[in-house]
Amino acid sequence: MKSPPETPILDRVRFPSDLKQLPEEDLPKLAEELRAELIDAVSQTGGHLGAGLGVVELTVALHYVFDTPHDRLIWDVGHQAYPHKILTGRRDRIRTLRQENGLSGFTKRAESEYDPFGAAHSSTSISAGLGMAVARELSGGKRHVIAVIGDGAMSAGMAYEAMNNAGALNARLIVILNDNDMSIARPTGAMSAYLARLASGGAYQGFRDFGKKLTSYLGKGVNRAITRAVEHARGYVTGGTLFEELGFFHIGPIDGHNLEHLVPVLRNVRDHGNGPVLIHVVTQKGKGYPPAEAAADKYHGVAKFDVITGAQAKSPAGPPSYTKVFAQSLVEEARRDERIVAITAAMPSGTGLDKFGEAFPKRFFDVGIAEQHAVTFAAGLAAEGFRPFAAIYSTFLQRAYDQVVHDVAIQNLPVRFAIDRAGFVGADGATHCGAFDVTFLATLPNLVVMAASDEAELKHMVHTAAVYDEGPIAFRYPRGNGMGVPMPERGEALEIGKGRVVREGTKVALLSLGGRLGECLKAADELEAAGLSTTVADARFAKPLDTALIARLAREHEVLVTIEEGAIGGFGAHVLHFLAHQGLLENGLKVRPLVMPDIFMDQAKPERMYAKAGLDCAGIVRTVFAALGQETKAARA
Ligand SMILES: Cc1ncc(C[n+]2csc(CCOP(=O)(O)OP(=O)(O)O)c2C)c(N)n1
Ligand SMILES: CC(=O)[C@@H](O)[C@H](O)COP(=O)(O)O
Ligand SMILES: [Mg+2]
């Protein structure tokens, strides 16, 4: 009689409290089952896979050794936290990942007590962890605080600011550096070379065992000075003193897939020592899934895929993505102008600049996850007569706002900002939703701010930016595919501050900024059918405003609606400001600015988000009927 297949260990582990009941020898099997569950789940949802595969053993070890959620475990970026979610009571929902009303693709406080800090933008974990560690000291609490940060995230200045402060405070904080020698792409910068030396230094092997013995004595009154002396000696041989100089006791590198190493080291660190400690763990992104291991990007972000073959679902053929059009347009411009250089902050494929780098390797710069540096680096290039294009996602540019103000706008330096993912992004949710770039850029003197309504317009805006040397200029465009319009052979220079009327009417004016133009044209059809003659205009510029166009629309129509895929305080606010100052709000004009709602919207399919925000055809039509007091018609829309 065949014995029944044994119940998978994972089926008995809903929470870390269940995990702690297991004998240590069961952990590798649990890790194996956890990895299989992760692969199966993400094959059905899509999302971030490679990073999670690389921390399966580390996740098991951390929840086995520490007392979460009492001990705080913070995941930097949080894209690697799917195994963490499966082990912390969310396995039953893991297949709702990144879907409307589903689990977030990152850690999120509101989602679980096991997520003490939300993430998604990188390099915040050490700062948050230090805050929690100091809170523990101030309140006389007893808990461990652990921050897990990747080698890519360790290239951001914020990580050093935090380590610098942690060293000065000598606060007990455990930082685990998850070094898989990968960012989204291959890591760049001196830091990754340094870590590679640490992880592979032959001489270092000799110290490794001694180092492990040392950690077992950490709490037995071993004098910190001796510890430091040994660390210095060890560091001298291998260069591992960067962390010690910042005040961290540095342990490792250790094999991040070997539970027999991980568990005892984590136990030692848990039970001994004081002050900040950094455990350097070496892992493999994509570990345990051959298609991910073999892929150049280690399956960092994947669509749904076939588990057997690893083949990812193809998005339906359609118009080129805005990203692709931007990248191709910039390559064409750069062929004509050798002053054009391109800068990305660790997002070569996401911004499309990897294509630029292939064409012009010497004029392409991936500065790592360092948006602040990217902007001021671009300012330095502009100051010397180059034409730098800094391609940074809308929400990642938020991190470099003072650099935009202080280093670019005030000095009126001709930096070009290519702002991708401007607007709703879908599965990445609120943290990646590009809602604020017009609001925070159009308020700045000297800035020119454009928004592409389709891919042809984007090509014109790339050319316009390329030849504009009067000061900083930004152009925004949404995630995803264009509108399928014919593409011009070459980009043409747009007249700065001039919009365009794409449809003439007499009663209603829809003034659109950016990608909502298509919905405005659909709304105009519906309004015409209801007897409302409708003008549709593409503003093209949030700054400077086309004041002549706006004044004409205001004078010649009963209703003026502005539409933008952005938060309040952007294009519509500037239009209202102009109309008020011109006294154009005093002749009965009905003005309605349509913007994103004043909330952080969770992930959903973009079309659902537009509908919820009222930024689709139906929302525009409803707004016009309501403005005209025809609520009944509005209700039907
Ligand atoms: C401020 C910011 N810039 C860029 C990104 C995009 N991003 C997400 S993950 C990632 C790479 C992170 O590398 P690492 O920390 O080594 O984690 P791994 O994926 O290797 O586990 C980047 C650049 C981000 N989330 N936040
Ligand atoms: C985790 C992270 O921040 C990136 O991987 C981001 O999710 C990429 O977004 P896109 O998929 O829009 O390029
Ligand atoms: Mg990495």
Side-chain angles (χ1 to χ4, degrees), residues 46-56 58-59 75-83 97-98 104-107 118-126 147-159 176-189 191-192 195-196 199 256 281-287 292 297-303 315 321-323 344-354 366-375 391-400 420-429 431-434 477-480 603 606:
H48 294 100
L49 180 62
L53 286 170
V55 296
V56 165
L58 180 60
T59 304
W75 293 94
D76 204 283
V77 181
H79 64 312
Q80 78 288 64
Y82 301 1
L97 261 180
R98 296 161 49 90
S104 164
F106 308 102
T107 51
H121 286 197
S122 89
S123 317
T124 60
S125 60
I126 303 175
V148 183
I149 183 169
D151 55 307
M154 196 57 106
S155 63
M158 187 174 176
I176 296 179
L177 170 55
N178 172 33
D179 178 8
N180 55 19
D181 195 25
M182 277 295 285
S183 182
I184 290 184
R186 299 281 307 136
T188 64
M191 188 64 199
S192 61
L195 292 176
V281 169
V282 178
T283 63
Q284 183 186 357
K285 194 166 185 176
K287 173 81 175 177
D297 69 349
K298 307 298 177 196
Y299 274 26
H300 170 82
V302 291
S315 36
S321 68
Y322 284 99
T323 301
T344 179
M347 302 295 287
S349 55
T351 58
L353 285 187
D354 50 351
D366 178 351
V367 299
I369 309 181
E371 288 81 4
Q372 296 174 333
H373 163 62
V375 170
I392 302 175
Y393 286 15
S394 170
T395 59
F396 299 156
L397 184 61
Q398 290 163 184
R399 186 159 281 185
D420 201 337
R421 276 50 170 195
F424 290 124
V425 295
D428 271 343
T431 53
H432 286 60
C433 174
Y477 44 100
R479 184 178 198 274
Q603 74 265 7

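We count ligands from 1, going down the list as the structure has it; atoms in each ligand are counted the same way. Computed from a predicted structure; not experimentally measured.
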Heavy atoms only: which of [options] is nearest to [atom]?
atom	options	value
atom 19 (O) of ligand 1	H48, K285, H300	K285
atom 15 (O) of ligand 1	A153, A345, S155	A153
atom 24 (C) of ligand 1	Y393, F396, W75	F396
atom 11 (C) of ligand 1	G152, S123, G150, S183	S183

task: Assess G54 for proximity to ligand 1: is some non-hydrogen atom of it under 4.0 Å away?
output: no
Measuring from atom [atom1] of [X] to atom [atom2] of [Y], what distance do you get when rounded to the nearest 0.5 angstrom?
X	Y	atom1	atom2	answer
L177	T283	CG	OG1	9.0 Å
M158	T124	CE	OG1	5.5 Å
T323	R421	OG1	CZ	4.0 Å
I369	T344	CD1	OG1	10.0 Å

min-distance N/O/S atom, D151 vs the Mg ion (ligand 3), resolves to OD1
What is the ring orientation for H79 with H300, classed by angle as parallel under 30°, tilted 30 to 60°, or perpendicular over 60°?
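It falls in the tilted class, 30° to 60°.
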If I compare all heavy atoms of [X] with all of [Y], which pair ends up nearest, and what's the gap?
X	Y	result
S155	A370	O-CB, 4.2 Å
G105	Y82	O-CE1, 3.4 Å
R399	S123	NH1-CB, 4.1 Å
G350	Y393	CA-OH, 3.1 Å
F106	A119	CB-O, 3.9 Å
A153	D76	CB-OD1, 3.4 Å

| query | Would you call K285 and D181 a salt bridge, using N to O less than 4.0 angstrom? | reply | no
ask   = Does a side-chain N-to-carboxylate-O contact under 4.0 Å join R98 and D428?
value =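 Yes, charged N to carboxylate O under 4.0 Å.
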Around [atom], find the nearest protein heavy atom and jot down its residue, atom name and distance.
atom	answer
atom 3 (N) of ligand 1	E371 OE2, 2.7 Å
atom 7 (N) of ligand 1	I184 CD1, 3.7 Å
atom 4 (C) of ligand 2	H48 NE2, 3.8 Å
atom 9 (O) of ligand 2	D428 OD2, 3.2 Å
atom 21 (O) of ligand 1	N180 ND2, 3.3 Å
atom 13 (O) of ligand 2	Y393 OH, 2.6 Å
atom 23 (C) of ligand 1	I369 CD1, 3.4 Å
atom 26 (N) of ligand 1	S122 N, 2.9 Å
atom 6 (C) of ligand 1	M347 SD, 3.5 Å

Exactly one of E371, H432, H121 clears side-chain hydrogen bond (donor to acceptor under 3.5 Å, both in side chains) with T395, and that residue is H121
- Task: Go through the side-chain N and O atoms of T351 and D420 and say whether any donor and acceptor fall under 3.5 Å apart.
- Result: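 Absent: no donor and acceptor within the cut-off.
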So for H432 against ligand 2, with non-hydrogen atoms under 4.0 Å, the contacting part is side chain
Could you say whether the N/O atoms of [X] and ligand 1 ever approach to under 3.5 Å?
X	answer
Q80	no
H79	yes
H121	no
R399	no
A120	yes

A student checking ligand 1 against A51 at a 4.0 Å heavy-atom cut-off should list atoms 19 (O), 21 (O)
Counting from 1 in the order shown, the ligand 1 atoms closer than 4.0 Å to a non-hydrogen atom of A346 are 23 (C)
Checklist entry - Which ligand 2 atoms does R479 reach within 4.0 Å, using its non-hydrogen atoms? => result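 Ligand 2 atoms under the 4.0 Å threshold to R479: 10 (P), 11 (O), 12 (O).
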What are the atoms of ligand 2, with element, lying closer than 4.0 Å to any heavy atom of F396?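 Reading through ligand 2 atom by atom, the close ones are 3 (O).
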- Tell me whether M182 has at least one N, O or S atom under 2.8 Å from the Mg ion (ligand 3). yes
Worksheet entry | N180 near the Mg ion (ligand 3) via N/O/S, less than 2.8 Å | yes
What do you reckon, does R421 have a nitrogen or oxygen under 3.5 Å from a nitrogen or oxygen of ligand 2?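 In this structure, R421 places an N or O atom under 3.5 Å from an N or O of ligand 2.
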